[in-house]
J.: 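If you scroll down you'll find the structure; I have some questions about it.
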Amino acid sequence: MLNDKTMVSDTLVGINNELKSYADMIAQTENPQLKQTLKQMRNNSEASQEEIYQIARSKSYYVPAAPAKPEEIAHVKSILSQPEAK
């Protein structure tokens, strides 16, 4: 038997996978009308994802990671801004 937390989690996983699929399809289509339709579908999925995420947070089904410390952010920025070795 599924409980509320499992159903919310499964729904979020499904929507996140859907969003990845939309990104792939949008990048690969050349038809402007289809591209616009896919973007609208993606936007609708993002709105659903945000709504379910807020429900999960309010019920403590999901607890986000702690924010990164400024020194951690600076470290990652320094790594990403280094020129690539050849």
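Throughout, residue positions are numbered sequentially from 1 according to the sequence presented. No hydrogens, no waters, no symmetry mates; every other heavy atom, side chains included, goes into these values.
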J.: May I ask you to check whether over 12 heavy atoms, not counting those of Glu46, lie within 6.0 Å of atom CD?
T.: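 For Glu46, atom CD is crowded (more than 12 foreign heavy atoms under 6.0 Å).
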J.: Roughly how far apart are Ile15 CD1 and Glu50 CD, rounded to 0.5 Å?
T.: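 CD of Glu50 is found 11.0 Å from CD1 of Ile15.
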J.: Going by atom type alone, with no hydrogens or angles, which donor-acceptor pairs under 3.5 Å involve a side-chain atom of residues 32-42 and a protein atom two or more places apart or on another chain?
T.:
from, atom 1, to, atom 2, distance (Å)
Lys35, NZ, Ile26, O, 3.3
Lys35, NZ, Thr29, O, 3.4
Thr37, OG1, Gln33, O, 3.0
Gln40, NE2, Asn44, OD1, 3.1

J.: Quick one: side chains of residues 55-63, donor-acceptor pairs under 3.5 Å with protein atoms, not counting sequence neighbours, listed by atom name and distance.
T.:
from, atom 1, to, atom 2, distance (Å)
Arg57, NH1, Tyr53, OH, 3.2
Ser58, OG, Gln54, O, 3.4
Ser58, OG, Ile55, O, 2.8

J.: Could I get the full list of side chain to side chain contact (heavy atoms under 4.5 Å, CB included) partners for Glu72, not counting sequence neighbours?
T.: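 Counting only residues at least two positions away or on another chain, Glu72 forms a side chain to side chain contact (heavy atoms under 4.5 Å, CB included) with Ala68, Lys69.
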J.: Under a single-linkage rule joining Ile, Leu, Val, Met, Phe, Trp and Tyr whose side-chain heavy atoms are separated by less than 4.5 Å, which residues share a cluster with Val76?
T.: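 Members alongside Val76: Leu80.
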J.: Partners of Thr6 by side chain to side chain contact (heavy atoms under 4.5 Å, CB included), sequence neighbours excluded?
T.: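 Thr6 satisfies side chain to side chain contact (heavy atoms under 4.5 Å, CB included) with Leu2, Asn3, Asp10 once adjacent residues are dropped.
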J.: When rounded to the nearest 0.5 angstrom, what distance separates CG in Asn43 from OG in Ser48?
T.: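 Nearest 0.5 Å value for the CG-OG distance: 11.0 Å.
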J.: Taking only residues two or more places apart in sequence, or in another chain, which ones meet Ala23 in a side chain to side chain contact (heavy atoms under 4.5 Å, CB included)?
T.: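 Ala23 satisfies side chain to side chain contact (heavy atoms under 4.5 Å, CB included) with no other residue.
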